[in-house]
Amino acid sequence: MITFQPHIDATFLIVLVFPACALDSYIAAVYEHSVILPNVTGSPVCPDDALMLMNKNMDVLEEAIKAAAQQHAHIIVTPEDGIYGWAFTRDTIFPYLEDIPDPQVNWIPCTDPKRFAPAPVQERLSCMARDNALYVVANIGDKKPCNSSDPKCPSNGHYQYNTNVVFDSDGKLVARYHKYNLFMSETQFDYPKEPELVTFNTPFGKFGLFTCFDILFHDPAVTLVSELQVDTVLFTTAWMNVLPHLTAIEFHSAWAMGLGVNFLAADTHNTSMAMTGSGIYAPDGPRAFHYDMETENGHLLVAELSSHPRLSPAYPAAVNWSAYAKSVKRFSSDDHDFNGIIFFDQFTFTELSKPEGNLTVCQKDLCCHLSYRMAEKQKDEVYVLGAFDGLHVVEGQYYLQICILLKCESTDLKTCGQPVAIAQTKFETFSLSGTFGTTYVFPEVLVSGVQLAPGEFQVLSDGRLISQNGTSKPVLTVALFGRCYEKDPPQPQSTLLFLNNGAA
Ligand SMILES: CC(C)(CO)[C@@H](O)C(=O)NCCC(=O)NCCS
């Protein structure tokens with residue numbers, strides 16, 4: 001605090017010389033928001049009605065932001081589509097959009113609201129950040145005028161972008177990111193011509209941001225970490241959970257671990273769309289997470305993180321994901337292999353028929369090895385080990401290599417791979433590995449009730465995902481989710497491609 005005193009005191013000098021002292025750790029908050037949706041209309045509403053709906057959502061976000069500030073949070077992330085929802089056409093979303101300037105203009109909307117007016121949403125978000133003295137991350141819609149000299153200019157004369165914005169603790173706009181990998185239903189938005197690598201520096205580390213479906217692809221997500229070396233990723237999402245391997249908390253925590261970054265994931269909450277699952281994840285495991293399919297309530301998470309997780313002594317040395325698996329021979333024959341489907345992909349499975357054992361299952365270039373011991377083999381539960389090496393083509397195209405241990409939906413082997421949320425079987429130990437042809441592997445562990453198991457498993461430098469003492473809750477899924485980005489079709493994937501290939 002600068003106090004007005006006639007002499008220059010020590011506090012004043014420190015503030016002058018170190019305007020922001022570096023912090024070794026900071027307090028992060030994410031808010032899972034149960035978004036108030038507009039009525040579905042065929043024609044656009046007027047701007048006042050659009051703002052009224054957005055203000056209702058911002059009323060709720062403001063309470064969460066105040067509560068986070070009371071718990072001394074330095075930054076809070078709020079979800080994708082959290083201010084206006086998602087059921088739009090290009091025309092009906094238009095009244096919800098604002099022209100969001102490049103942050104280089106140095107703008108505090110709260111103190112200078114008319115400079116790029118009309119911008120009531122940016123003004124209010126900026127004031128929430130300023131009044132509560134913390135960074136606020138939100139997802140809103142940007143519109144950018146274009147004209148007929150641009151052959152790609154949409155017919156309404158505007159590009160429309162799904163956009164993350166960040167306001168610092170003075171309320172200044174410090175980052176703007178336009179979503180690149182739009183999900184199939186997002187026909188209301190355009191994608192930017194090139195993926196944007198958006199970062200900003202704070203006294204508590206370097207931050208990068210992207211949105212939802214971006215997490216499945218190389219750009220900008222992987223580049224932000226591997227080349228721009230961000231410490232923490234800010235992630236807004238409206239994630240529709242897919243068991244057994246693509247639930248929000250499971251996949252987002254695995255991405256943080258696989259790439260070795262902090263990851264703040266704020267999910268929209270809407271149980272009818274299977275949207276729930278937010279978290280504060282560090283490279284060595286989750287610090288806080290939330291999954292709730294029982295209520296329609298929002299939920300605030302607050303936890304402390306290291307500002308530079310890669311510098312911490314606990315940070316694991318680089319992992320060679322295939323070292324162990326390539327050094328051993330097959331554990332078991334393929335005599336009892338069978339096929340099954342996980343989320344439209346045909347896996348090769350083999351059953352864990354004994355209470356303990358060593359198994360191998362292969363598909364194409366990928367062999368997966370499992371060593372395990374169950375606490376007790378339950379008669380009414382069946383587990384399998386599975387392998388998949390191929391291009392996933394439904395709701396997007398991306399090349400996968402996956403090793404997975406999962407509980408089948410029933411004792412009928414035909415149900416293996418179908419969603420199941422509850423289990424009874426505890427494992428005393430497991431060790432899973434695979435002969436991956438990629439360095440991008442995300443280690444997943446999901447336990448009964450769709451929960452995470454912080455601190456109950458680890459990755460060894462030879463690529464084994466192990467649990468020495470088992471997890472305290474019964475196992476749903478243990479997986480090594482590998483991504484072979486170089487085998488993907490070109491990015492980004494247009495809506496047209498989804499229309500041609502989208503099954504479901
Ligand atoms: C898990 C996944 C990828 C399976 O296809 C899918 O269910 C999913 O959550 N996709 C990302 C959703 C997204 O971008 N939402 C924003 C607009 S509604």
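Both ligands and their constituent atoms are indexed starting at 1 by order of listing.
Within ligand 1, counting atoms from 1 as listed, the ones closer than 4.0 Å to a heavy atom of Trp239 are 1 (C), 9 (O). Taking every non-hydrogen atom of Cys212 and a distance limit under 4.0 Å, the qualifying atoms of ligand 1 come out as 11 (C), 12 (C), 13 (C), 14 (O), 15 (N), 16 (C). Shown in contact with Phe343 at under 4.0 Å from a heavy atom are these atoms of ligand 1, numbered in order with element: 4 (C), 5 (O). Near Glu80, with a cut-off below 4.0 Å to any heavy atom, the atoms of ligand 1 are 15 (N), 16 (C). Here is the list of ligand 1 atoms found below 4.0 Å of a heavy atom in Glu186: 17 (C).
Protein heavy atom nearest atom 6 (C) of ligand 1, with residue, atom name and distance: Phe183 CZ, 3.7 Å. Nearest protein heavy-atom neighbour of atom 3 (C) of ligand 1: Phe213 CE1, 3.8 Å.
Using a 4.0 Å cut-off between heavy atoms, Phe251 makes no contact with ligand 1 at all. If you look at Lys179 next to ligand 1, the close heavy atoms, those under 4.0 Å, all belong to the side chain.
For the pair His158 (side chain) and Asn156 (backbone), a donor-acceptor distance under 3.5 Å is present.
At least one N/O-N/O distance between Glu395 and ligand 1 falls below 3.5 Å. Residue Met240 has at least one N or O atom closer than 3.5 Å to an N or O atom of ligand 1.
For Asp99 and Lys144, the salt-bridge test passes: some basic side-chain N is under 4.0 Å from an acidic carboxylate O. Using a 4.0 Å cut-off between a side-chain N of Lys or Arg and a carboxylate O of Asp or Glu, Arg176 and Glu196 do not qualify as a salt bridge. In summary, Glu456 and Lys473 do not engage in a salt bridge, as defined by a charged side-chain N under 4.0 Å from a carboxylate O. Under a 4.0 Å N-O distance rule, the pair Glu381/Lys407 qualifies as a salt bridge. Electrostatic pairing of Lys193 and Asp190 does not count as a salt bridge here, judged by no charged N lying under 4.0 Å from a carboxylate O.
Looking only at atom types and distance, the side chain of Thr295 has a donor-acceptor partner in the side chain of Asp292 under 3.5 Å away. Between the side chains of Ser322 and Thr435, no donor-acceptor pair is found at a separation under 3.5 Å.
When Ala274, Gly396, Ala238, Gly277 are ranked by how near their heavy atoms come to atom 15 (N) of ligand 1, first place goes to Ala238.
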